[in-house]
Amino acid sequence: GAGVSQSPSNKVTEKGKDVELRCDPISGHTALYWYRQSLGQGLEFLIYFQGNSAPDKSGLPSDRFSAERTGGSVSTLTIQRTQQEDSAVYLCASSLQGIEQYFGPGTRLTVT
Amino acid sequence: AQKITQTQPGMFVQEKEAVTLDCTYDTSDPSYGLFWYKQPSSGEMIFLIYQGSYDQQNATEGRYSLNFQKARKSANLVISASQLGDSAMYFCAMSLYGAGTALIFGKGTTLSVSS
């Protein structure tokens, strides 16, 4: 079956612009996670959605970052007023409340 | 605070040999899960193996086994009979309250397998 998909695969943006990153989880998966992978910081948790519960936003690095999940499926991560330190690979994962988190291919964000 | 430590930035092994990738963790929570993921150069994160904190036996999945030593807070990954395709970055990770919550990752270990 289809895995987790993310779009775009690459995004180059100018400092100060807003960007939206999209994640399509595996159909039926109730849990969705966003992570960020950068050279300096490694892999960091950003935000976690579980069903209809309020999301766990404890990993968001600043109020420029926000995410929503519509209809318990697709999720969008929005970064406002991008900074150069936001450059990273943004990974999305989904899980059926189980053990394994299935990761998408990631979106490589470059802020110039 | 919860933390995962991987002290080996790089490991080198020959085909068909076994290799151990080290991982130690720190948490005061009694309920947690430990994971290993593989990330090849393509960038995809691939789940390898899981160990719950209350599991009595070490987890095994094919050529992968997790050497879980709870008192030492270590969760080393053992890969038996290494293959060229095992060359990748390997991440140890932890989730609190068992599984289904966000993962805390270590910095990773790069494994290079040579023929």
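Per chain, numbering begins at 1; letters A, B, ... match sequence-line order. Basis for what follows: all heavy atoms, side chains included, without hydrogens, waters or symmetry-related copies.
- When the shell of 6.0 Å around NZ of B/Lys73 is examined, it contains more than 12 heavy atoms from other residues, nucleotides or ligands.
- Taking every heavy atom of both residues into account, A/Leu91 and B/Met45 meet most closely at CD1-CG, 4.2 Å.
- More than 12 heavy-atom neighbours from other residues, nucleotides or ligands sit within 6.0 angstrom of NZ on B/Lys70.
- With hydrogens and angles disregarded, no donor-acceptor distance shorter than 3.5 Å links the side chain of A/Glu100 to the backbone of B/Ile46.
- In the hydrophobic clustering of this structure, A/Leu21 groups with A/Phe65; members are Ile, Leu, Val, Met, Phe, Trp, Tyr whose side-chain heavy atoms approach within less than 4.5 Å, directly or through other members.
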Legend entry - side-chain contact (heavy atoms from CB on, under 4.5 Å) between B/Tyr37 and A/Leu43, worked out: CA-CA 12 Å; B/Tyr37 279 82; A/Leu43 270 156; over 6 Å; no

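- In this structure, no portion of A/Leu46 lies under 4.5 Å from any heavy atom of chain B.
- Contacts between A/Gln37 and chain B at a heavy-atom distance below 4.5 Å involve the side chain alone, from C-beta outward.
- Within 6.0 Å of CG on B/Leu84 lie more than 12 heavy atoms contributed by other residues, nucleotides or ligands.
- Summarising the geometry, atom OH belonging to A/Tyr33 is positioned 8.0 Å from atom OG belonging to B/Ser95; distances are rounded to the nearest 0.5 Å.
- Put simply, B/Phe47 and A/Tyr102 are part of two different groups of oily side chains (I, L, V, M, F, W, Y) that touch within less than 4.5 Å, one to the next.
- Heavy atoms only, all atoms of each residue included: B/Leu103 and A/Tyr35 are closest at N-OH, 2.9 Å.
- Using a 4.5 Å cut-off between heavy atoms, B/Gln39 contacts chain A through its side chain alone, with no backbone atom that close.
- For CZ of B/Arg63, the number of neighbouring non-hydrogen atoms (other residues, nucleotides, ligands) closer than 6.0 Å is greater than 12.
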